[in-house]
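Computed from a predicted structure; not experimentally measured. To find a chain, count down the sequence lines: A is the first, B the second, and so on, and within it residues start at 1. Just so it is clear, the values below take in all heavy atoms, side chains as well, and ignore hydrogens, waters and symmetry mates.
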Protein chains: 2
Amino acid sequence: MTDSTASRAMTRRAGIADVAALAGVSPGTVSKALNGRGSLREETRARVRAAADELGFSPSTVARSLLSGRTFTVGIITTDSYGRFSIPVMRGVEDSLGVGEMDAFLCDSRDDPIRERHHLRKLLDRQVDGIIVAGRRTDARRPLSDDLPVPVVYAFARSTDPQDCSVVSDERGAARLAIEHLVKTGRRRIAHITGPQSHASARERAAGAAEALAEFGLELAGDPLFGGWTEVWGRFAAAQLLRSVPDIDGVFCGNDVVARGVADGLRESGLNLPEQVGLVGTDNWAVLAEAARPPLTTVDLGLEEIGRRAGDLLLAAIDGNPAPGTHVVHGHLVVRES
Amino acid sequence: MTDSTASRAMTRRAGIADVAALAGVSPGTVSKALNGRGSLREETRARVRAAADELGFSPSTVARSLLSGRTFTVGIITTDSYGRFSIPVMRGVEDSLGVGEMDAFLCDSRDDPIRERHHLRKLLDRQVDGIIVAGRRTDARRPLSDDLPVPVVYAFARSTDPQDCSVVSDERGAARLAIEHLVKTGRRRIAHITGPQSHASARERAAGAAEALAEFGLELAGDPLFGGWTEVWGRFAAAQLLRSVPDIDGVFCGNDVVARGVADGLRESGLNLPEQVGLVGTDNWAVLAEAARPPLTTVDLGLEEIGRRAGDLLLAAIDGNPAPGTHVVHGHLVVRES
DNA sequence: GCATAGGCGGAAAAGGTTTTCCGACCAAAG
DNA sequence: CTTTGGTCGGAAAACCTTTTCCGCCTATGC
């Protein structure tokens, strides 16, 4: 072990004073040179830049925040543990924030109000510039708190207060896309199998399907079948459906998990998909949809876009241009083979 | 609009000076009272606490960080966009960090070295106390950078430098658990169907399976079938397997997606599961495993535990107790019906 | 040659907390 | 009564950058 390796001290980060010393100017001048402020000769700026480069200097975000009051940081509070829905939303948020050179703190409230308050407090202590609340269900949620010193945007699950800024998916529009596709591919006796009636998304999609069918002068074949968001329910419901409405030729499902179960159920009852029955799901969960037989046509709710919009709206609000109200993101159909 | 509502200014956060004024002491004393430092009369502490409560004071993390040099913040760099594997890992990390009152910055490098360097730089500018690198594949990855001023822990994908601190799953042990289960339930002609040979996890699990079988005086029925991590491959491979080794009575799969395909493939070839063929997957991806027919017995790699361990090790390293080397987390079998 | 203006860069304050040092006061001991 | 020691709380520095003045020097105009 040579002395040099043994004594290799963790070299302290270069500060603005070090740069100033190397460039032979004062700290204030360094700041001005590097940030393009004040009036300095170009030669001086260049000398400072060279010194900064040599030392690998970059300013401490902490010190800068203390003075400016801004941290270039936002908090993301997810109610579930980064599940199926909050993940694409978060990715979108990060996308949007990234271009604004902001970073995101991740907090998982696990649907526990206590934990949520705790996280909120911590975020405020950290002086985040804004907060995004990402839900896992579309049901509206109670606002975080009123009279917050920073802007808040609700993503996916909107706030019950219509004055809050929320970004949500177009649930009825999604159902419409599915129905339109089924009708345009010649289906006329279309049923709906979905999740629990207690979920707003199940109710909205069912209502949207009925609406869209009505516009075509059609109506749903049988009542919507509410159940659970599982494959097992899908298989069960498919069998039940065939018993009550045997001449079905299209099924729209409330999500892809259910759709997958329905596909298996129909196929195993001897029906050919997509020849005899057309099937459309919701969510565009790729691993699932692609492995279905046949690969599942489904509506993509545009979760990532929701995240991006939420990020954009938050950035705008931080810059003093809030856009209160509920913003709707439209999904699109992903046509596979079903 | 009353004057009071119109003029309701966003009340400035209370600072330590406000508390000091209210309690009739100096700012330094407030700090000592609230943090249990210095020597103060209990009466004074109580008075300060009361004032702080009244004003809802809590200290600015930014100011505190500036002085202490610690931010109580770590960065998490994921190589993929929060996929199937990094999510449970992250949840574990957050669990571990939470008890230490630390928060996590989330960065998605998308497997792009440029982006990774960029995130690293930003994290360092923010003076994070440590960094966790969460991979999405078990293949070892090149270290983040050498000579970093903060500790780094690699989770799931270990660093190629054995001196780095990495937390990984016990791939061979996972295979052993699967094989032991199959053998103990009476299977003797056991095959292996898995993902691409280019993936370390596929290779390791195959090797582990062979090892474990050898200890029982058995060997793999046929060569391991390497393919893709998809259901389609699983279905295809199942059919192929039955052609080459028709009297199979057990299959161990490299992951649950493949296992699900294999289950469907075998069942549709007329085999009864679990009566005629026992099936064990890997990953314990609940939505998939529970919906399989029959519900899939599978090895849980303990991803969340990996995250927790990584968090714990990082906290220890930050506290000056680094534990270099590769740390192995053992999985466990989740017995369902297959 | 002197005054004025403008260009350039320095000095210092500010931001909010923690911590060290120091001083003041009180009580007890000599 | 004086000294000593201990208890409590205040003053000020430190953390690192940004920004606002302010002053100096030079050049130009009279």
**Message:** Taking any heavy-atom pair under 4.0 Å as a contact, classify B:Ser68: base, sugar-phosphate, or nothing.
**Reply:** nothing
**Request:** Starting at atom CG of A:Leu66, determine the distance to atom P of D:dC16, rounded to an integer number of angstrom.
**Result:** 12 Å
**Message:** As a test of understanding, state which of A:Asp103, A:Thr61, A:Thr71 forms a side-chain hydrogen bond (donor to acceptor under 3.5 Å, both in side chains) with B:Arg126.
**Reply:** A:Asp103
**Message:** So A:Val25, base contact, sugar-phosphate only, or nothing? Heavy-atom distance under 4.0 Å.
**Reply:** sugar-phosphate
**Asked** When you check the side-chain N and O atoms of A:Ser58 and B:Asp125, is any donor under 3.5 Å from an acceptor?
**Response** yes
**Prompt:** Closer to the 5' end of DNA chain C via nearest nucleotide, is it A:Gly28 or A:Arg41?
**Reply:** A:Arg41
**Prompt:** Does C:dG16 have OP1 or OP2 sitting under 4.0 Å from an N or O in the side chain of B:Ser60?
**Reply:** no
**Message:** Would you say B:Ser26 places a side-chain N or O within less than 4.0 Å of OP1 or OP2 belonging to D:dG9?
**Reply:** no
**Prompt:** Just checking B:Ser65: base, sugar-phosphate only, or nothing, at a heavy-atom cut-off of under 4.0 Å?
**Reply:** nothing
**Prompt:** Can you check the A:Ile16 CD1 to D:dA14 P distance for me, whole Å?
**Reply:** 18 Å
**Message:** Nearest to the side chain of B:Pro59, heavy atoms from C-beta on, is which of D:dT18, C:dT18, C:dC21?
**Reply:** C:dT18
**Item:** Salt-bridge contact B:Arg47-B:Glu42 (side-chain N to carboxylate O under 4.0 Å)
**Value:** no
